[in-house]
Protein chains: 2
Amino acid sequence: MGPQGRRRGRGARERILSASQRLFRTQGINRTGMDQLCAEAQVSKRTAYQHFAGKDDLVAEYLRRFDPEVMAGVFDRTDLTPRERLLAAFELPASGSDELTPLCPYIEAAVEIHDPRHPASQYARDYKLALAARLAAAAREGGATDPEQLGEQLALLLDGASARTRVLNAESFPTAAAIAAVLIDKALPATDRDRGSEG
Amino acid sequence: MGPQGRRRGRGARERILSASQRLFRTQGINRTGMDQLCAEAQVSKRTAYQHFAGKDDLVAEYLRRFDPEVMAGVFDRTDLTPRERLLAAFELPASGSDELTPLCPYIEAAVEIHDPRHPASQYARDYKLALAARLAAAAREGGATDPEQLGEQLALLLDGASARTRVLNAESFPTAAAIAAVLIDKALPATDRDRGSEG
DNA sequence: TCCTTTGTACACCGGGCTGTGTACTTAACG
DNA sequence: CGTTAAGTACACAGCCCGGTGTACAAAGGA
């Protein structure tokens, strides 16, 4: 119910969004009420609704905030060959060694929202396509025979690992990584395995 | 809210469960209220709560009912070689040609329920393990080098296709099938591709 | 200093949800 | 026929949720 003792002042919007990240990811979207979210953000409910038109709006903005941060760490690593970059995408994201990888927030949103026309569902779709495109770009750089196909395949593996980790309550990324290795070895020319095809 | 005109009589429990299948699959679990469900089942709300302790109970039972029906069609086909059976698991399930494959109900439940200790989550986990085991059994029958690994890999592909179909709002099973073909060809001995290793 | 912008406190509304109480009706079976 | 199990109709309790109205307090630039 907002900040009871100390005033928290000006950074309301940012606090709301970062509280969203914490709560939506750990509890899910539907199970997180606006009251709890405002309490976590130390923001009054009124303020929240002055910054966001509604919960839907907040959810959409929460998803939009993921785009930059998620994939940048992997794809911008110029020290790795394309092949290594593709494989690095399957290393456990932000691996707190005893915690499970949480379900991809876009899949979570798509399942919880369930309306394909909802802005959040649009963002989810856009993100997934963008990620596949990035994978395809790295695949092309590595000299893959059919980069788009490999990108889509690897993206599917990531989604599978994420969903399966949630259902089984056990880490599934290593399995996905093993499949990815097979696909990459098959699609990338053997001579370029340790070196990009860039000339 | 229940049967307004005609009385429907004795088959209440079955009608409730089959209405669950229709509504939970098309709308999701949380978005389907007991009122709507009872209306669809043409059953009074009171009757529903005489058959099930609560909605949680109904959801658990709804999931339990899937076990026999889903995989039986594929794995019992003795006319197919093990390799063909493994591949058949990736053919679009119940393909209404213009409709998307709905999200696997166990993934749906695991995401919507979100509590790993909930009976529904248990069923989901059990089902996923059982399916992987069935795939592994077929893989073993086909002479795979590491049947358990192949089973787990194929199961992950199915989950990935299911989740990604939902997020992208576009069919992803063909992609998964292509990956499956690669994995199967790699794991099954070439001489046994058209014939089981049974002797 | 004053005034605008931002945030606060808190009660409250309407609606949907799960679940129940009660009195009644019907179908099946002996 | 009579008895009993199954189902019905419907109102209603209680809860939580998203969202709002109102009156007030503080920060910060001019």
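Below, read A as the first sequence line, B as the second, and so on, with proteins coming before strands; counting in each chain starts at 1. Note that the coordinates shown come from a computational prediction; the quantities given were computed from them, not determined experimentally.
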Using a strict 4.0 Å threshold on nitrogen-to-oxygen distance, state whether Glu152(A) and Arg164(B) make a salt bridge. yes
Separation of dG7(D) atom C1' from Phe52(B) atom CZ, nearest Å, is 15 Å
Would you state whether a donor and an acceptor, one from the side chain of Arg46(B) and one from the base of dG7(D), lie under 3.5 Å apart? no
Do Arg140(B) and Glu148(B) meet the salt-bridge criterion of a basic N to acidic O distance under 4.0 Å? yes
Check this one for me: any side-chain N or O of Thr47(A) less than 4.0 Å away from OP1 or OP2 of dT8(C)? yes
Distance in angstrom units between Leu37(B) CG and dT18(C) P, rounded: 9 Å
Among the nucleotides dT8(D), dT22(D), dG7(D), whichever has the atom closest to the side chain of Ala12(B) is dG7(D)
Measure the distance from CD1 on Ile16(A) to P on dT6(C) and round it to the nearest whole Å. 13 Å
Where the side chain of Tyr49(B) is concerned, which of dT8(C), dA9(D), dT18(C) is the nearest nucleotide? dT18(C)
In this structure, how many angstroms lie between the P atom of dC17(C) and the CD atom of Glu112(B), rounded? 13 Å
Return no unless some side-chain N or O of His51(B) is found under 4.0 Å from OP1 or OP2 of dG7(D). yes
For DNA chain D, whose closest nucleotide is more 5', that of Gln50(A) or that of Asn30(A)? Asn30(A)
Would Thr47(A) and Ser44(A) count as having a side-chain donor-acceptor pair, cut-off 3.5 Å? yes
Atom CG of Asp35(A) to atom C1' of dC12(C): distance rounded to whole Å? 12 Å
Proximity to the side chain of Ser44(A) - top-ranked nucleotide from dT18(C), dC10(D), dT8(C): dT8(C)
Nearest-angstrom distance from the residue atom CE of Met34(B) to C1' of dA13(D): 17 Å
Distance-only donor-acceptor check, side chains Ser18(A) and Arg22(A), under 3.5 Å: yes
Quiz question: going by heavy-atom distance under 3.5 Å, is there a donor-acceptor pair between the base of dG19(D) and the side chain of Lys45(A)? yes
Rounded to the Å, how far apart are Glu14(B) CD and dA6(D) P? 14 Å
